[in-house]
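To start, the structure itself, in structure tokens.
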Amino acid sequence: MNSQTDRPRWWLGLRGFAVFLLGGGLGIFAYAAVTHRPGGPPWGGLLFGALVCGALCALFPGRRRH
């Protein structure tokens with residue numbers, strides 16, 4: 001835990017990872033459904049982005065609002 005949040009940093013990182021993965025996955029799915037382009041979606045880029053987002057959320061937690 002840190003002085004700015006009530007949750008441990010690993011929880012914030014896990015939450016950032018999950019939110020990015022869910023939002024990005026839904027966005028990729030919607031884009032693929034609308035455009036009907038050949039080729040698979042960039043799942044590797046989605047995973048990399050989720051890892052970066054999780055790391056940044058754990059390293060730099062937001063300030064708590066009262």
Side-chain angles (χ1 to χ4, degrees):
M1 283 200 216
N2 59 18
S3 61
Q4 296 175 344
T5 63
D6 287 338
R7 303 221 186 246
R9 287 181 182 253
W10 65 266
W11 174 256
L12 297 173
L14 185 63
R15 185 180 68 178
F17 176 85
V19 168
F20 190 97
L21 193 66
L22 180 65
L26 289 174
I28 287 175
F29 179 72
Y31 179 76
V34 170
T35 60
H36 301 292
R37 290 190 171 191
W43 298 115
L46 177 65
L47 182 61
F48 176 73
L51 286 171
V52 169
C53 184
L56 290 176
C57 287
L59 291 174
F60 304 108
R63 295 185 181 199
R64 184 175 177 195
R65 296 185 181 114
H66 290 95

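Considering every non-hydrogen atom in both C57 and G16, the closest pair reads SG-CA, 3.9 Å. Residues R9 and P61 approach most closely at NH1-CD, 3.4 Å, considering heavy atoms.
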| request: Please assess L47 against F17 for the test side chain to side chain contact (heavy atoms under 4.5 Å, CB included), listing each intermediate value before the final yes or no. | output: CA-CA 9 Å; L47 182 61; F17 176 85; 4.1 Å; yes
Give every donor-acceptor pair under 3.5 Å between a side-chain atom in residues 27-36 and any protein atom, sequence neighbours left out.
from	atom 1	to	atom 2	distance (Å)
T35	OG1	Y31	O	2.8
H36	NE2	A33	O	3.1

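In this structure, L21 is not a member of the same hydrophobic cluster as W10, with clusters built from ILVMFWY side-chain heavy atoms closer than 4.5 Å. There is no path of hydrophobic side-chain contacts, each under 4.5 Å, that joins V19 to W11.
Checked by atom type and distance alone, the side chain of R7 never pairs as donor or acceptor with a backbone atom of L12 at under 3.5 Å.
Put simply, CZ on R15 and CZ on F20 are 15.5 Å apart, with the number rounded to the nearest 0.5 Å.
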